[in-house]
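For reference, the structure is listed below as structure tokens.
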Amino acid sequence: MLHLKNICKLFGRHSALNSINLKIAEGEIHGIAGINGSGKSTLLNILFGSPIIAETGGYGGEIILQGKSCLVKSPQSAIAAGFGMVHQELAIVPDLSVAENITITREPVFPQSERFFGLDFALIDNRRSHIKASETLKMFGVAIDPQHRAGNLPLNMRQFVEIAREISRDDLKVLLLDEPTAVLNNADSALLLQTLKTLAQKGVTILYVSHRLDEFFSLCDHLTVLRNGEVSGQFTRAGFSHRLVTDCMIGGSVVLSRKSANTTSKKTILSLEKFSVSMPGERIESLDLDIQQGEIVGITSLSGHGKMAIGPGIMGLYPVSGKLILKGDQAGHLDTAAMMSKGVFMLPEDRRLTGLLQHQSIVENIVFAARQCNHRFLRRVSFLPLYFPDQKQSNQYARECISALHISCTDFSQKVRELSGGNQQKVCIAKALAMAPEILIVNEPTRGIDLGSKELILDMFIAMNRDKGTTLLIASSELDELRRICDRIAVLYKGCLLAILSPDTAESVFVQAMSGETPQA
Amino acid sequence: MKLRLSIQLPQLIVLAFLIVMMGLAFHLHISLTFLISDALIRLVMNGILVLSLVPMLNAGIGINYGLPVAITAGLLGLCLAVNFRITGLLGFSAALLFAVPLAAIFGYGYARILNWVKGREEITAIFIGFSFVPLMNFFWAVAPFSNPAMLWPIGGKGLRPTIGLRDYFSKELNTIWDFHLFGLTVPVGLLLFFALCCLAVWIFFKTRTGIAMIALGENEAYAKLAGLNISHLRILAVILSTVLGAIGICVYAQSYGFIELYDAPQMMAFPAASAILLGGSAGKRTTLLHVVLGTFLFQTTYLISGPIANEILVPEVAEIFRMMITNGIILYALMHEGKMKRGGYAAY
Amino acid sequence: MSRTIRPMILAALLTLFWISGGFAETPDYKIGMVTPTLSASEDEFRGAVLVANKYPGMIKHLVLPDNYSEEQETAITQILSLGDDPQIKAIVICAGYSGILPAIEKIKKKRPEMIVITAPIWDDPDMMVKYIDLSLDTDWVQRGITIPTKAKDMGAKTFIHYSFPTHMAKEVLAKRRDKMKETCAKIGVTFVEISTPDPTTGGGRSPMLQFLQEDIPRQISKYGKDTAIFGTNCPMQDVIIAKALELKFIMPEQCCPTPTQGFPAAMGLEITEKDAGNFAKINEQIKAKAAATGTTGRLSTWPVAVGYFFPEFAARLAMLKLDGKLPSFELAAIEPVAREVAGVDVRFSPMKPGLSNYFLIIMDSIIY
């Protein structure tokens, strides 16, 4: 039904996709796997006519839908051809109601008004719009009031609204999903997968992109693995195997990182008492937590339940209340500069927007914070009270970091924005190393990073902890990784500490804890 | 830093326009030596005012449309020097000496307001400029200056709209170490002064604080996470801009030969802003190359299109052409900036 | 902010003048005087203040809003209020604005005996002669003949006219330019017209002034120093006169002929508070400076600011008329008054042939 013939895409001289051939039958759920930068998103962008494709010179090859060759130039033409897409970044209008979001551009109107004013100015029939919306939402089995303002919904519900918008289309032939479960918890994911199956039975073809291999195994009829813009393997349901697929994705096998012995001393370095952070969307209420010197503490929760707020709260980026005792001293007003001078450093989850100076070189990024806060990499002109950067020392340090962390780049003067996500994260870690903090707080260190780099980054954390005695606080939704490197894992629920579990605890207990069930001791 | 020539299409268009004009001027026997000498003087006269935009631009506060605030500080310095009848180079230095602390004070207040309205600095600055000028008009009309050479000739009280510097320090800087070469006047002192100002700015942006300011301009969230005191840095940037602006107007006034008071500062931010945009600064870090290139191109198109237009008897057409080209390029620069910015900033 | 404060303070000061004047022994009538604010036009404002000081208690000085064009309603109400004061027997309006006539029309309908003198206002001349007892104005177009003639007498071989498109779109200024061209051709002077950057667009006036600074030396090196330079815009005069001191060319007259325009700034005249407004003293100073810079015989203007002369002249006429010492506003009757007030000869000509209450004036020049 959908046939892709020799799809190619060049970004400048770099080939993102190279002669992709795919045949997908009607009603088939086809998975697409691959590490970051393998071309998954580019493929979906081509099919949905994203402007970025046209702006960078279009694509090569042919898309044949139901035997007809169709040229996808823009989202409009893609929609007209019968494609629908659920984006990785949520694309809903927060100020409209759920029903309005679902029926947007296809609003039922009063027929009389349409006759008089034309479709563009016809009056919207809100009652029918609500009925249509709630019918679609019923397919998921989730209860959302269609009159609710979409912006007020929690993240996972917003994702459902977005999916509902696409599947409520009568003319939908191919549904493209780009990591739809990234913001959903297990229960919600299961609901979604069930809905997709029903949809496929109705004859809709589904192209499914995800990082979670398990989902492919339970959902997909066929799986295509991309690597470096080429098809590196195709599997049918019968031939799925975790091992085969991952090898195919990274072109070799990975050794998983794991923390060895417990090096924790019994000295409390940081303790939080009745600590509350009012970060919008990620509140923390009255948290009590003691952190020992030299341990790695994992913090996990579902999104919106507060795991991301601890770091920014400690650094004083959001209003906080309660007590924070650092190395025995109670900190008064929390302030980023003061915390950094006391040896606390944070790497934010959003590398692109807050973690890096995208337009500056690798070396500038690595030494920036150390220069500003620790007075490292500087030299003073003898007769002036001015400090100038010591470029030689900085370059030397950057060179060391690049080789130690295997940052792939041309040299230390390359602009950070030209690096891939994994290498950018490594630059962030190099930045933290230059600060030589006593406590390092990291938010989502491996989000959006390919498998190989992930392990390297986790190794770095373990090495920092082992060699320098750095205390680490890692907030992540990747439970599997936390369990491998942490000494203890705190589970938050609705902004409160629900339990502190040992990494050896069974996964099912973690999942229960994250959804609010206190585990039996 | 490696010097990378950032001349791009828009600058090339203006450059081409200039070269065509130069050719025409040569063809029409308009003295090129006159033009070149004037171009050098104009570059410095306006160059420091344009340079004064750099700290605020690089700190991410945007174009300093509140330049009238800086200019007023400079004018006050100049008036004080004239009032005390200090003449010659000493008079000019005295004007700078009076102007700089005043500019720092004005700049501090101005910065506090800009910190208050974070995110809408440019439009606020325009209105600060527009409301500051009438306020100062009142001041000029009642200020207790006593040198009769500055007072209204009929009323005998308050300052005249233009005060002549002929007997004080007009063209002092223009004539230090200037030499004549084939009929060409090279104002070495003036150029050196400009170079010195540029050097000071360049050095500042090489220091730890300067680097921090650039990082703040590029990514405020990042700067915050690196423990920088953002509001202090912003205040510092505004004060620097204001002080440079005050120095700029002093240089401008001594070269022009008059102190212009009352409504004169009101529109002065716009040619400076146009020059820096023309230089190609939109949407990225502003370098001294942008300043020099932009001022040179903007002022020289003005300089050269006038005489040529009068010579070929189509003054209106040439004026329209000049405005179309310069304003068109500025529009292009802003559109380019808009394209770069799309996507926006979120987070902290 | 200052836009509102300034007129308020002035109004308060003027009320004070008026109240204190009430105690003095003076004739039983008052004259209402209307001028723009100090910042909008110094000459008229100071002229009215001078009259008020000269005749304490007899003058009620009204100041029009600073932004006249936007607050015309306020201006009209202000002027009408003068008509409601029975003590006021004459109104003198010195404000180069248009749109004031309706106010005069209303006052005249209510009190036909009220004497109204405008010097000047710019409304429809045919309507003005119907309602206004005496209209006075500078003879802008006639200056197109007098200026080049004077320049030739001062030794000019070339006459340069600096202006810009918006000015040349104004009828009076364009007409004067045409007259200058005509006259130059007649008397054998080369006429050169040069267009400067327009100060009403974009960058304000500095590009225009900058252009003048650069262009004048160019033109003088081309045409020699026996060149007369005339600019149509007030801020230009500072630069033109300053350059004249330097390059010794001829400056026959400014756009608004008065010793107080251009000369003080360009020459750095030191006018003490005592001498302020004393035109004889100011002229003396200019003469001395001209001699010192070697430009004697190269600079000229009218000895008194027209804007400063008009308020006093008009007020004198109104007083004489009210005192019964002036039978009518005939030419023969007003000419001696003008000479007395200005100190030089003033030539009057009717606005249109046959009109007997709308005169345009040209003053005799002073050559420094």
Side-chain angles (χ1 to χ4, degrees), chain B residues 30-31 34-35 38 41-42 45-46 131 134-139 141 147-158 160-168 170 252 256-260 262-264 266-268 270-271 274 299 302-303 305-307 309-310 315-316 318-319 322-323 326-327, chain C residues 1-3 5-6 9 38-39 42-43 45-47 49-50 164-165 192-198 201-207 209-211 213-215 217-218 221-222 235 238-239 242 245-246 259-277 279 282 305 308:
Chain B
I30 295 172
S31 155
F34 262 123
L35 288 179
D38 288 340
I41 290 178
R42 272 202 182 207
M45 249 178 110
N46 297 283
S131 55
L135 190 75
M136 288 312 291
N137 281 355
F138 181 57
F139 172 80
N147 183 345
M150 333 166 56
L151 306 180
W152 282 101
I154 300 184
K157 266 190 201 126
R160 289 174 197 168
T162 39
I163 297 168
L165 292 175
R166 214 172 68 88
D167 300 333
Y168 298 91
S170 146
Y252 184 93
Y256 175 43
F258 295 94
I259 304 175
E260 291 184 285
Y262 297 92
D263 285 345
Q266 184 140 346
M267 302 305 283
M268 278 192 128
F270 296 94
S274 308
Q299 292 295 336
Y302 251 120
L303 173 85
S305 59
N310 280 300
E316 285 84 354
E319 180 75 1
R322 189 190 55 72
M323 297 228 290
T326 49
N327 293 334
Chain C
M1 183 168 119
S2 72
R3 295 217 157 212
I5 285 184
R6 245 181 309 155
I9 291 181
L38 172 65
S39 65
E42 185 192 13
D43 290 351
F45 180 85
R46 301 273 197 215
V49 173
L50 172 89
F164 43 85
V192 179
E193 190 184 350
I194 297 176
S195 189
T196 71
D198 203 318
T201 57
R205 67 197 195 192
S206 22
L209 299 176
Q210 200 56 51
F211 174 78
Q213 282 221 320
E214 291 153 1
D215 199 56
R218 218 168 10 229
S221 77
K222 186 171 172 188
D238 301 327
V239 178
L245 299 182
E246 199 181 299
T260 51
Q261 188 187 61
F263 288 104
M267 292 183 148
L269 294 186
E270 305 202 350
I271 301 156
T272 55
E273 207 174 332
K274 189 163 63 72
D275 290 342
F279 280 90
I282 296 174
Y308 192 63

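Note: hydrogens, waters and symmetry copies are ignored here, and every other heavy atom, side chains too, is used. In what follows, chains are A, B, ... by sequence order, proteins preceding strands, each numbered from 1. In this text, all values refer to a predicted model and were calculated from it rather than measured experimentally.
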Give me the atom names and distance for the closest heavy-atom approach of Glu260(B) to Ala264(B).
CB-CB, 3.5 Å
Shortest non-hydrogen contact from Ala149(B) toward Tyr168(B):
CB-OH, 3.7 Å
Given heavy-atom pairs under 4.5 angstrom as the criterion, report whether the side chain, backbone, both or neither of Leu269(C) touches chain B.
both
Ignoring hydrogens and angles, tell me if any N or O in the side chain of Arg218(C) forms a donor-acceptor pair with the backbone of Phe34(B) under 3.5 Å.
no
So for Asn46(B), is it side chain, backbone, both, or neither that comes closer than 4.5 Å to the heavy atoms of chain C?
neither
Minimum-distance pair of heavy atoms, taken over all atoms of Phe258(B) and Ala242(C):
CZ-CB, 3.6 Å
What's the shortest heavy-atom distance between Pro259(C) and Ala305(C), and which atoms?
CD-N, 4.2 Å
Tell me, side chain or backbone of Glu214(C) under 4.5 Å from chain B's heavy atoms, or both, or neither?
both
Exercise: identify the closest heavy-atom pair between Asp238(C) and Ala265(C)
OD1-CB, 3.8 Å
Nearest heavy-atom approach of Arg166(B) to Met267(C) is NE-CA, 4.5 Å
Between Leu245(C), Leu209(C), Leu50(C), which shows the greatest number of heavy-atom pairs under 4.5 Å with chain B?
Leu209(C)
Cut-off 4.5 Å, heavy atoms of chain C, and the answer for Tyr256(B) is both
Heavy-atom distances under 4.5 Å only: say whether Val239(C) touches chain B with side chain, backbone, both or neither.
both
Tyr252(B) versus chain C, heavy atoms under 4.5 Å apart: side chain, backbone, both or neither?
side chain
Under a 4.5 Å heavy-atom cutoff, which of Pro161(B), Gly158(B), Ser170(B), Pro307(B) has the most pairs with chain C?
Pro307(B)
Residue part contacting chain C, namely of Tyr262(B), when any heavy atom lies under 4.5 Å:
neither
Please classify the contact of Lys274(C) with chain B as side chain, backbone, both or neither, using a heavy-atom distance under 4.5 Å.
neither
Which atoms of Gln210(C) come close to chain B, meaning under 4.5 Å heavy atom to heavy atom: side chain ones, backbone ones, both, or neither?
both
Between Thr260(C), Asp275(C), Thr272(C), the one whose heavy-atom pairs under 4.5 Å with chain B are most numerous
Thr260(C)
Which region of Tyr308(C), side chain (C-beta onward) or backbone (N, CA, C, O), has a non-hydrogen atom less than 4.5 Å from a non-hydrogen atom of chain B, or is it both or neither?
side chain
Taking the side chain as every heavy atom from C-beta outward, state whether Asp263(B) and Asn137(B) have any pair of such atoms under 4.5 Å apart.
yes
Answer yes or no: is there a side-chain heavy-atom contact under 4.5 Å between Phe211(C) and Ile194(C)?
yes
